[in-house]
Amino acid sequence: MEFKNLLWNLEDGILTITINRADKLNALNGETIVEIQTAFEQAKQETLKGIIVTGAGEKAFVAGADISEFNGLNIDNAKALAQRGHDIFFLIEQMSVPVIAVVNGFALGGGCELSMACHLRIATPNAKFGQPEVNLGIIAGYGGTQRLIQYIGKAKALELHLTADMIDAQTALNLGLVNYVEADKSTAIEKAKNIINKIATKGPVAIAKVIECTNAYFKDGVDGFDYEVNAFASLFHTEDVKEGVNAFLEKRKPEFKGK
Ligand code: COA
């Protein structure tokens with residue numbers, strides 16, 4: 001796939017999407033966010049083990065929504081902008097294969113929100129996370145007020161949103177915002193690939209159901225326990241469950257087909 005502001009690299013079943021506006025610290029302008037949507041919609045059509053999202057260069061993952069596009073927004077188009085971001089980040093969160101953010105530098109505002117829409121986050125030591133929107137007299141608009149609480153709890157989430165402070169990679173690790181901190185970008189990518197390859201040895205339908213059930217916990221009006229009962233039961237229609245159980249009983253490695 002060819003994009004103006006993204007790099008698409010599909011290798012050995014792992015798709016790496018790189019936000020590629022390094023001169024603007026990979027800020028998400030309208031064009032870029034729509035390209036992210038197109039990339040993930042296309043990714044759904046591919047047979048993938050997993051997806052890595054990262055930023056071009058060493059300085060930034062994504063330094064936020066593109067502030068230069070905020071001038072002249074009115075209530076209606078600001079609402080449309082936020083809604084579009086929400087829809088795209090839900091699309092990412094609901095992917096049936098693991099999506100891992102490799103956070104290599106600033107992950108601010110929409111960048112922090114993009115990383116939080118991914119299933120896991122691996123940071124480099126220079127990563128900085130923050131929701132600095134109040135500096136501009138606005139608030140997070142791509143799900144940040146909701147997802148940051150899910151990862152780090154109300155007290156710390158409120159502190160970050162209210163003060164606009166940034167936290168470093170180690171603090172993010174301690175708070176549970178990131179899964180791992182690796183020495184540099186290439187080892188972080190390697191770690192992400194290892195995790196994706198490990199997950200790819202499991203039952204693909206089961207992996208998709210784990211993601212669905214986890215998302216169900218945070219969905220209004222959905223009883224996650226009921227959701228799990230139904231998801232668990234639905235797996236017994238698959239060939240994979242027979243293969244998984246038989247492989248265990250026959251003391252061999254399972255060969256899942258994803259159906
Ligand atoms: N939107 C648009 N452009 C951005 C941007 C953003 N969110 N973040 C950085 N840029 C641009 C800068 O304007 C600059 O462009 P220029 O070279 O054409 O002037 C370029 O990226 C480099 O950024 P710069 O500010 O010079 O780098 P720095 O190292 O001095 O500071 C940051 C880095 C991340 C601290 C600073 O860029 C910043 O505060 N960015 C905004 C973060 C933010 O508020 N995000 C939430 C937006 S809702």
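Any value given below was found using the heavy atoms of this structure, including those in side chains, with hydrogens, waters and symmetry copies removed. First listed ligand is number 1; within each ligand, the first listed atom is number 1.
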Review point. Given A63, G130, A22, A107, which one has a non-hydrogen atom that is nearest to atom 43 (C) of ligand 1?
Key: A63
Point to revise | Identity of the nearest option to atom 16 (P) of ligand 1, non-hydrogen atoms only, from R21, M166, K24 | key: K24
**Study point:** Sequence neighbours excluded - side chain to side chain donor-acceptor pair (under 3.5 Å) pairs with any residue from residues 162-176
**Key:** T163-D165, D168-T171, Q170-N174
Numbering as shown, the atoms of ligand 1 that approach [X] to under 4.0 Å (heavy-atom distance):
{"X": "D66", "result": "1 (N), 2 (C)"}
{"X": "F70", "result": "48 (S)"}
{"X": "D23", "result": "20 (C), 21 (O)"}

**Study point:** K193/D12 ion pair, N-O < 4.0 Å
**Key:** no
Check your understanding: Does ligand 1 have any atom that is closer than 4.0 Å to a heavy atom of L108?
Key -> yes
Review point. Looking at ligand 1, does Q131 have a heavy atom less than 4.0 Å from it?
Key: no
Study note, to complete from the structure: Apart from F218 itself, its cluster of hydrophobic side chains linked below 4.5 Å comprises Y217
Exercise for review: Provide, to 0.1 Å, the distance between atom 24 (P) of ligand 1 and the closest protein heavy atom, together with that atom's residue and name.
Suggested key: L25 CD1, 4.5 Å
Revision key, fill the gap. One should read off an interatomic distance between C112 SG and F106 CZ, to the nearest 0.5 angstrom, of 13.0 Å
Practice item. Check E133 against ligand 1 and report side chain, backbone, both or neither, counting heavy atoms closer than 4.0 Å. Key: side chain
